[in-house]
Amino acid sequence: MRVGWAGKIALGAVVPVVAGLAVFAFWALNRVRVVTEDTVEANHRVAATLLAHALTAAELRDAPRLQARVDRLGREVGARITVIDGEGRVIADSEVRDVSSMENHGLRPEVAAARRDGTALVRRYSHTVRRELLYAAARIQGHPAIVRIARDVSGVEEELRRPTERLWWVAAGVVLLGVGGALLFARGFARPLKELTAAAGRLQGGDLDARVSPRGGDEVARLGHAFNRMAEQLEKSLAASRAETARLTRVLEGMTEGVIAVDAEERISFLNGAARAILGLGDRDLAGVRLYELVRDPAILGLVQVAADGDDAAEAEVRHDGPPRRMIQVYAAPVAADMPGVILVLRDMSRLRRLERMRSDFVSNVSHELRTPLASIAAAVETLEDGAANNDPEAGPRFLAMIRRNVSRLEALLNDILALSRLETRPETLERAPVDLAAVVRASVEELLQRARAGEVTLRVDAAVRRTVHGDQGIIRRVVDNLVVNAITYTPAGGKVDVTVVAENDEAVLRVTDTGIGIPKDDQDRIFERFYRVDKARSRSAGGTGLGLAIVKHGVGLHGGSVEVDSRLAKGSTFTVRFPLARGEDAGTPGDAES
């Protein structure tokens, strides 16, 4: 059972009082007992002495008369009176009728002492009446006989019981009054302490508005004022700390680098959104989870261990198998010398490495694409310089045609490179205006009809209805040209190419469908990369630069559109381009149809 403030204070006040009162009571009762016993013994001795003087010699010689006198005196004094002659025989007893049957009392302690000293007082057990008695004996004046008066000790105890009971009742009353007063005082004293304790508990539980109402000017009131000041200061400190934590969290969450903090046991105490994205950890709560339960990459865990075991930072670029698979630059550093733990900074290097690889591939591909026509031009020039034209009249025009064809190929390659560079690096130079996609498609098809006929490919167009989009007409025309040229190039003689423009769900949709050689499934995700060719020999022989579909993808993307391909080997391909319709464009209006 727990004792509260009031109980403790009351106990502290009452226990000394009760202990003192108990000591006093025992002392007083002992003194009463001593005084009472002394008084009873003195009265008993006086009574024996008076009886010795009251009995006459004549009465001692007359046994019946003596017995009658002893009986009467015994009743008057309320005690047993016995008369013993000089030889120790009992000659009269107030409680025994046949004294002749009684033992000789000459050796009784009180009798022997009275013969010796004149009077005697003895407390002992009586075998005659079988109880403890107080004996007082006195020698009868002028006679060897002894008169003895015996009194039951229980009578003395009875006399002592009454004052003892009264004393205990008084003590109990005093204790009750003391306890009641102490409790009242303790409750009044403990009330502000209980209020202070309750407010401290609320403050510990997170209630920063917990306050007390001090009353008076004593120490407890001053303690209450100090508590209120402490609570206000704590509230301000926590508010500042929370604001700083929120600001730091916003900064960390806004970083593109992933940040992870782990404690000495490698349990996660913080990680930002970038770290979740880089490591593919999702949105679940990961506080307190051990790092190795989430990241199984031994390279990352090794860096954490190196940073935790030393005072220096560790850095490495690791390949994270994911999912998703990434190249990650990991920087691990201890939190502080006096604070165990490690801070991890993760930087996703995948895009940078991909761009570096693309740049390297681009340089390699451009070099290769330039080397072939330049080598052909150089060989033709060298042949002409050696006098081939003089020896063979037909060789001159043939080599000049070769030079012209390769120069045209170089010009086309450079134009595509410049166009792609413009799309990637200077999108703000696009001249945006309302463009009729159907009209652009009809113009492109009309210009490429001769090329289709040369390859014995049937080219058809269905773009009779105006479909207005917002964009750069030159870029849109180049997108259409590249798709149609690709379809013609990779469709064998006797095949067909269909070009259509329709409106679907607020979008202008361009579809270029051919019955050509098709694209393998594994290559369909890469055909929009620079210089990627499915059939390299056919592409180069047809004069392709390998940049046409890359230009299509970037050009469509700059207009907020999308491009996708559906192709099957030996069956043909369908390229679908979607442009957002210009605001206010609906089903469109009829335009000139290509026949």
Side-chain angles (χ1 to χ4, degrees), residues 22-55 59-60 66-168 171:
V23 172
F24 172 76
F26 282 115
W27 176 83
L29 288 174
N30 186 59
R31 292 301 302 163
V32 168
R33 178 180 290 277
V34 170
V35 171
T36 301
E37 288 180 351
D38 290 345
T39 301
V40 169
E41 290 176 357
N43 290 339
H44 214 40
R45 189 187 294 272
V46 170
T49 303
L50 291 176
L51 284 175
H53 285 84
L55 294 176
E59 290 175 332
L60 292 174
L66 178 61
Q67 184 65 47
R69 179 74 182 276
V70 168
D71 290 340
R72 185 175 69 252
L73 290 173
R75 287 191 298 272
E76 290 177 356
V77 299
R80 179 187 175 192
I81 300 174
T82 305
V83 181
I84 301 106
D85 63 11
E87 297 179 359
R89 294 189 301 268
V90 177
I91 57 177
D93 193 293
S94 61
E95 292 186 3
V96 180
R97 295 294 112 207
D98 185 9
V99 296
S100 62
S101 61
M102 297 179 64
E103 297 177 353
N104 189 289
H105 282 41
L107 297 179
R108 295 288 194 269
E110 66 276 8
V111 175
R115 282 201 179 100
R116 184 182 64 249
D117 300 328
T119 60
L121 187 69
V122 176
R123 183 194 295 261
R124 64 178 179 81
Y125 182 80
S126 173
H127 294 282
T128 304
V129 295
R130 291 184 175 83
R131 60 179 180 270
E132 188 175 13
L133 299 176
L134 179 62
Y135 293 97
R139 188 172 60 240
I140 297 175
Q141 192 72 21
H143 197 280
I146 301 296
V147 61
R148 186 186 69 177
I149 182 171
R151 189 170 184 175
D152 194 346
V153 176
S154 62
V156 177
E157 296 295 334
E158 181 64 24
E159 291 181 7
L160 287 172
R161 185 180 63 79
R162 295 188 189 94
T164 299
E165 288 182 352
R166 286 194 293 269
L167 182 61
W168 280 119

Set of side-chain hydrogen bond (donor to acceptor under 3.5 Å, both in side chains) partners for [X], sequence neighbours left out:
X    : result
R115 : none
R89  : D85, E87
S94  : none
N104 : none

Could you pull out all residues at least two apart from [X] that satisfy side chain to side chain contact (heavy atoms under 4.5 Å, CB included)?
X    : result
A136 : H44, A48, L121, I149
A114 : A120, A137, I146
P109 : V122, R124
L50  : V46

How long is the span from the [atom1] atom in [X] to the [atom2] atom in [Y], to the nearest 0.5 Å?
X    : Y    : atom1 : atom2 : value
H105 : I91  : NE2   : CD1   : 12.0 Å
T82  : M102 : OG1   : CE    : 5.5 Å
E95  : R80  : CD    : CZ    : 5.5 Å

Checklist entry - Heavy-atom distance under 4.5 Å between the side chains of I140 and L60, does that happen here? => result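 Result yes, sub-4.5 Å side-chain heavy-atom pair found.
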Checklist entry - Does any non-hydrogen side-chain atom of L73 lie less than 4.5 Å from one of D71? => result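 No, their side chains stay 4.5 Å or more apart.
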Checklist entry - Under the side-chain contact (heavy atoms from CB on, under 4.5 Å) criterion, do L55 and L66 qualify, and how do the steps go? => result CA-CA 8 Å; L55 294 176; L66 178 61; 4.1 Å; yes
Next on the checklist: Considering only residues two or more places apart or on different chains, which pairs with a residue in residues 139-148 satisfy salt bridge (Lys or Arg N to Asp or Glu O under 4.0 Å)?
Outcome noted: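 As it turns out, the salt bridge (Lys or Arg N to Asp or Glu O under 4.0 Å) pairs with a partner in residues 139-148, which skip direct neighbours, are E110-R148.
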Locate the shortest heavy-atom distance separating [X] from [Y]; write the atom from each residue and the value.
X   : Y   : result
V96 : V99 : O-CG1, 3.7 Å
D93 : Q67 : O-NE2, 2.7 Å
A92 : V70 : CB-CG2, 3.9 Å

Checklist entry - Given the rule in the side-chain contact (heavy atoms from CB on, under 4.5 Å) test, do R151 and R123 qualify, once you have shown the distances and angles that lead to the verdict? => result CA-CA 9 Å; R151 189 170 184 175; R123 183 194 295 261; over 6 Å; no
Item to check | salt bridge (Lys or Arg N to Asp or Glu O under 4.0 Å) involving D117 - partner list, sequence neighbours excluded | outcome: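 Once residues adjacent in sequence are excluded, D117 has no partner under the salt bridge (Lys or Arg N to Asp or Glu O under 4.0 Å) criterion.
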